[in-house]
2 protein chains.
Amino acid sequence: MRQDLFRGHLETLLLAVLEDGPRHGYAISQELAVRSGGVLSYPTGSLYPALRRLETAGLIQGDWAGDSGRQRRTYELTAAGRRTLAADKQDWQQFTTAVESVLRLA
Amino acid sequence: MRQDLFRGHLETLLLAVLEDGPRHGYAISQELAVRSGGVLSYPTGSLYPALRRLETAGLIQGDWAGDSGRQRRTYELTAAGRRTLAADKQDWQQFTTAVESVLRLA
DNA sequence: GTCTACATGTAGACCGCCTACATAAGGAGA
DNA sequence: TCTCCTTATGTAGGCGGTCTACATGTAGAC
């Protein structure tokens with residue numbers, strides 16, 4: 001399906017995956033695909049910049065986990081991130097309600 | 001709420017409003033606001049270019065309704081527009097299902 | 001005669017995401 | 001050990017839909 005429907009929702013989705021606990025980028029990407037039944041898949045060129053934006057915004061905190069030589073940056077939600085996620089979920093409800101009443105699906 | 005959530009959905013919303021019958025741009029805009037309970041409102045700089053894109057794509061057909069001196073371009077769905085709208089509705093269901101399973105709302 | 005609502009449109013810029021590319025380590029199999 | 005796939009992260013440049021700001025004109029109310 002059209003991938004561009006997800007525009008504007010990536011950061012919310014990332015926060016939601018991290019709600020279950022710390023994860024690194026690649027794992028987040030895989031979990032997005034699994035949880036969505038294979039519908040959601042973001043290219044790395046979208047994923048990693050988005051994680052950096054969230055970190056810069058103080059919504060997640062990243063840490064280089066140095067397990068052997070392999071580089072892995074593990075992220076976890078901050079308090080601000082949890083608040084933003086909660087607000088995003090409310091926005092989502094409003095959003096779908098509005099669209100579905102226009103589409104006559106509600 | 002964040003207006004940018006609606007990115008990528010404008011054209012579908014426009015088709016949905018026209019499903020009820022022909023309308024001109026300004027009326028479409030108002031009906032979007034009413035049907036969505038005031039949540040949805042697009043500036044004219046978004047609305048009119050979008051209508052032209054839909055017309056160029058053959059999904060709607062426009063006609064200058066010359067009622068007195070006032071200029072009004074009335075649009076109606078084409079057969080292709082109806083097909084696209086139906087497909088968009090299906091996409092919407094998939095989209096919300098995917099997002100809600102990630103957000104743990106489903 | 002002025003103000004608000006009606007009605008449509010263009011120009012330019014913004015910005016989130018995509019495409020394409022770049023890098024490198026770990027593990028499996030030949 | 002050589003190769004290949006998976007794991008893992010990232011940058012550069014561009015696209016495109018939307019927004020902001022501006023521009024234009026009519027109809028009706030007060």
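Lettering follows sequence order; numbering is per chain, from 1.
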Tested for side-chain contact (heavy atoms from CB on, under 4.5 Å) against A:Leu14, the lone hit among A:Leu10, A:Val17, A:Leu18 is A:Leu10

| Is there a donor-acceptor pair closer than 3.5 Å between any side-chain N or O of B:Thr84 and the backbone N or O of B:Ala80? | yes

Quick one: does B:Thr12's side chain have a donor or acceptor within less than 3.5 Å of a partner on B:Asp88's backbone?
-> no

B/S/- along nucleotides 1-15 of chain D (protein heavy atoms under 4.0 Å) is ------BSBBB----

Heavy-atom donor-acceptor pair, A:Ser29 side chain to A:Gly25 backbone, under 3.5 Å = no

B:Gln3 atom CD is separated from D:dC19 atom C1', nearest whole Å, by 10 Å

Rounded to whole Å, CD of B:Glu31 lies from C1' of C:dA7 at a distance of 17 Å

| message | One thing to verify: whether B:Arg73 and B:Glu55 come together as a salt bridge, which I'm taking to mean a side-chain N less than 4.0 angstrom from a carboxylate O. | response | yes

Would you call the rings of A:Phe6 and A:Tyr42 parallel, tilted or perpendicular, where under 30° means parallel and over 60° means perpendicular? perpendicular

Atom CD1 of B:Ile28 and atom P of C:dC6 are separated, to the nearest Å, by 15 Å

Whole-Å distance, B:Tyr42 OH to C:dT8 C1', equals 19 Å

Here the distance between atom P of C:dG16 and atom CG of A:Leu47, to the nearest Å, is 16 Å

Does any part of the side chain of B:Leu103, heavy atoms only, come nearer than 4.5 Å to the side chain of A:Glu19, both counted from C-beta? no

Whole-Å distance, A:Leu5 CG to D:dT18 P, equals 11 Å

Indicate, with a heavy-atom threshold strictly under 4.0 Å, whether A:Arg53 touches base, sugar-phosphate, or nothing. sugar-phosphate

Rounded to whole Å, the CZ-P distance (B:Arg23 to C:dC6) equals 15 Å

May I ask you to decide if A:Leu40's main-chain N or O and A:Arg35's side chain share a donor-acceptor pair within less than 3.5 Å? no

One should report the stems of DNA chain C, each a stretch of at least three consecutive Watson-Crick or G-U pairs at distances under 3.5 Å, as C:1-30 with D:1-30

Taken to the nearest whole Å, CG/A:Asp4 to P/D:dG17 is 8 Å

| said: Classify the ring geometry of A:Tyr26 against A:His24: parallel below 30°, tilted from 30° to 60°, perpendicular beyond 60°. | reply: parallel

